[in-house]
Student: 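Submitted below is the structure of interest, expressed as structure tokens.
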Amino acid sequence: MDQYLQEAIRKALLNMNLDEDQIPKIVIETPRDPSHGDSATNIAMQLAKPLRNNPRKIAEQLIDEMNLDSKKVSSVEIAGPGFINFRYATDYLYDELEHILSSGDYFGRSDQNSGKRILVEFVSANPTGPLTVGHGRNAVLGDTVARLFEWTGAEVQREYYFNNAGRQMRVLGQSVQARYLEELGKDAELPEGGYEGEYIKEIAKTLVEKHGDSLLNEVDESIFKAEAESAIFDEIRKTLERMNIVMDSFFNENTLYENGSIDKTIEEFRKKGVAYDKDGAVWFKTTKFGKDKDTVLVKSTGEPTYRLPDIAYHANKLDRGFDLCLDVFGADHIDTYPDVLNGISVLGYDKQRVDVLVYQFVTLVKDGKPFKMSTRKANFVTLDELMDEVGEDVTRFFFLMRSPNTHLEFDVAQAKEAGEKNPVFYLQYAHARIQSILRKAADVADFSENADLSQLVHDAEVALIKKLLGFPEAIELATKHREPHRVITYLNELASGFTTFYHDCRILTDDKKLMQARTELARATAQVLANGLSILGISAPDRM
RNA sequence: GCGCCCGUAGCUCAACUGGAUAGAGCAACUGCCUUCUAAGCAGUAGGUUACAGGUUCGAUUCCUGUCGGGCGUACCA
């Protein structure tokens with residue numbers, strides 16, 4: 001419809017002797033207030049200045065020149081300072097409702113990103129411990145944005161980037177080693193800054209089971225580290241799976257050392273004159289890109305900082321031919337992003353192909369009080385514990401509920417309440433309720449013949465159909481802005497629209513034609529709810 | 001100090017990236033279950049969009065400044 005209106009307006013403007021390049025972008029929007037019509041444009045106001053004319057006059061002229069199909073648009077009016085409001089014809093609504101029903105699981109999909117290959121990198125927590133609530137937002141946002149890309153036609157790969165070679169991992173190995181010794185009755189102390197979590201002991205125990213005391217005299221921590229890594233990764237994978245997340249690939253930072261990308265990156269930087277030696281370290285001339293300091297790439301110890309592999313990693317991703325690489329990370333990592341962009345553009349890549357989704361921190365609220373966490377200190381709530389407590393659907397929902405750009409308060413008490421306080425049930429309940437009605441409808445009538453949708457004339461029915469039609473747009477916006485919460489906002493409005501309809505219009509009535517039409521409307525609503533929930537990775541139960 | 005993000009109803013947050021009378025959910029209050037699921041519905045109350053300027057037909061949205069909060073600002077990741 002938007003396209004149709006844009007085209008009609010454009011033609012009308014051309015008839016008004018405007019040149020192609022005089023026409024600004026024609027924006028069609030859905031007014032907040034339904035009394036302002038179904039679609040509106042501000043084009044007349046935009047043209048007021050260049051045409052030096054009153055916007056309402058321009059609107060009048062424009063409407064005269066427009067040639068609209070009465071099967072699609074029933075009325076056009078000028079309102080306020082110069083808005084042009086369009087109202088849809090009911091025939092159009094019935095056709096579109098028909099379209100939803102025949103599209104089924106596909107309704108809402110688009111070709112916005114078709115032909116694109118997109119890599120979404122997320123979670124990317126080093127295997128030093130179980131995933132915590134802090135990682136949860138990252139995981140769910142990344143996966144859901146990936147789903148949005150899929151719904152808009154892209155081919156998506158989900159990748160988990162990790163590093164098992166750094167100092168943290170060494171300390172982890174040493175922590176396991178210490179617990180292993182303790183397990184065998186020896187005196188041992190956790191290393192400085194060691195990991196205190198209970199899971200370390202568990203890993204030590206499995207080592208005792210596997211190897212007995214044969215590792216007593218190991219001099220370094222590598223065996224312990226290896227065991228810890230694989231045990232922790234198993235857990236992480238399980239946790240993710242439980243959240244409906246399956247990675248397509250795990251990328252080990254070490255690959256970049258082995259295949260020479262790291263060295264190559266440094267060489268290339270030197271060649272381009274953006275790297276230099278000072279105090280035994282190698283520096284990246286980030287001042288050249290507007291930062292107030294240069295940045296160390298390789299420490300005087302010879303060990304690279306994380307920035308260097310980050311740059312090499314992004315080059316690697318781009319080499320793999322992705323049209324877009326999206327990184328998902330928390331606000332604390334934002335500072336590395338410009339360095340990576342500058343780094344890859346030095347290497348000759350197009351910065352536009354890398355984008356980032358930054359989210360603000362999660363505050364877990366327990367017993368009405370914020371709860372501070374640290375992985376190393378083992379005072380954290382794992383994602384598994386959270387899911388045990390509130391369930392998988394609720395967990396996903398809460399992480400998606402808010403704009404990534406704002407701090408998220410995860411109130412465990414609220415999430416646990418199965419009742420009215422919990423917003424996820426509102427959507428699932430609407431779906432279950434419709435399914436229940438459809439089951440009953442199947443008992444009382446035979447729906448083999450086509451329904452006469454023109455029976456749907458009640459305000460609540462018409463409003464619901466219009467809301468259903470807004471689904472593709474909601475997905476488009478959510479994808480464009482990488483903001484899954486827009487889908488939730490939409491679904492809430494949809495569910496609310498359905499409940500109004502449910503309340504005002506009895507579906508199972510004696511009037512068979514009417515019942516059939518209403519049943520179809522309910523079925524379409526259930527379909528859109530289910531489609532929306534599947535984008536969010538949340539179940540749409542048939543019974544509750 | 002500098003950089004990024006944020007400040008909207010008592011609380012948690014929306015507002016289609018500059019549009020029309022700023023909206024939901026909790027919490028509060030008033031009604032509604034012999035009728036398809038009351039995990040629901042209808043209604044009431046609640047606001048100087050932190051503050052002060054500016055840009056224009058029009059600002060919660062953009063610009064400047066002030067105040068308040070979060071995160072960075074390492075030869076840590």
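Here is how names work: the chains are called A, B, and so on, in the same order as the sequence lines, proteins then strands, and each is numbered from 1.
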Student: Could I get a table of every N or O pair under 3.5 Å where one atom is in the protein and the other is in nucleotides 19-22 of chain B?
Tutor:
{"residue": "B/rG19", "atom": "N7", "partner": "A/Asn42", "partner atom": "ND2", "Å": "2.9"}
{"residue": "B/rA20", "atom": "OP1", "partner": "A/Arg32", "partner atom": "NH2", "Å": "3.1"}
{"residue": "B/rA20", "atom": "OP2", "partner": "A/Arg32", "partner atom": "NH2", "Å": "2.6"}
{"residue": "B/rA20", "atom": "N6", "partner": "A/Asn85", "partner atom": "OD1", "Å": "2.8"}
{"residue": "B/rA20", "atom": "N1", "partner": "A/Asn85", "partner atom": "OD1", "Å": "3.3"}
{"residue": "B/rA20", "atom": "N1", "partner": "A/Asn85", "partner atom": "ND2", "Å": "3.2"}

Student: Assign A/Asp411 to base, sugar-phosphate, or nothing according to its heavy-atom contacts below 4.0 angstrom with the strands shown.
Tutor: nothing
Student: Quantified in whole Å, what is the C1' atom distance between nucleotide B/rU61 and nucleotide B/rU17?
Tutor: 7 Å
Student: Does A/Thr499 reach a base, just sugar-phosphate, or nothing at all? Heavy atoms under 4.0 Å.
Tutor: sugar-phosphate
Student: Can you tell me whether the side chain of A/Tyr429 and the base of B/rA39 have a donor-acceptor pair closer than 3.5 Å?
Tutor: no
Student: Which is it for B/rC29, anti or syn, if anything within 90° of zero counts as syn?
Tutor: anti
Student: Strictly below 4.0 Å, heavy-atom distances to any atom of RNA chain B: list the hits from residues 459-472 of chain A, or just say none.
Tutor: none
Student: Counting only side-chain N and O atoms of A/Thr363, is one of them less than 4.0 Å from OP1 or OP2 of B/rG70?
Tutor: no
Student: Over all strands shown, is A/Ala441 touching base, sugar-phosphate only, or nothing at heavy-atom distances under 4.0 angstrom?
Tutor: nothing
Student: Please convert RNA chain B into dot-bracket. A pair counts if it is Watson-Crick or G-U wobble with both distances under 3.5 Å; crossing pairs go in [ ] and bases paired with another strand get |.
Tutor: (((((((..((((.....[...)))).(((((.......))))).....(((((..]....))))))))))))....
Student: On the nucleotide B/rA74, are OP1 or OP2 found under 4.0 Å from the side-chain N or O atoms that A/Arg307 carries?
Tutor: no
Student: Closest to the A/Phe361 side chain: B/rG40, B/rC71, B/rC16?
Tutor: B/rC71
Student: Does A/Lys278 put a side-chain nitrogen or oxygen below 4.0 Å from OP1 or OP2 of B/rC75?
Tutor: no
Student: Could you give the distance separating B/rC16 and B/rC4 at their C1' atoms, to the nearest angstrom?
Tutor: 25 Å
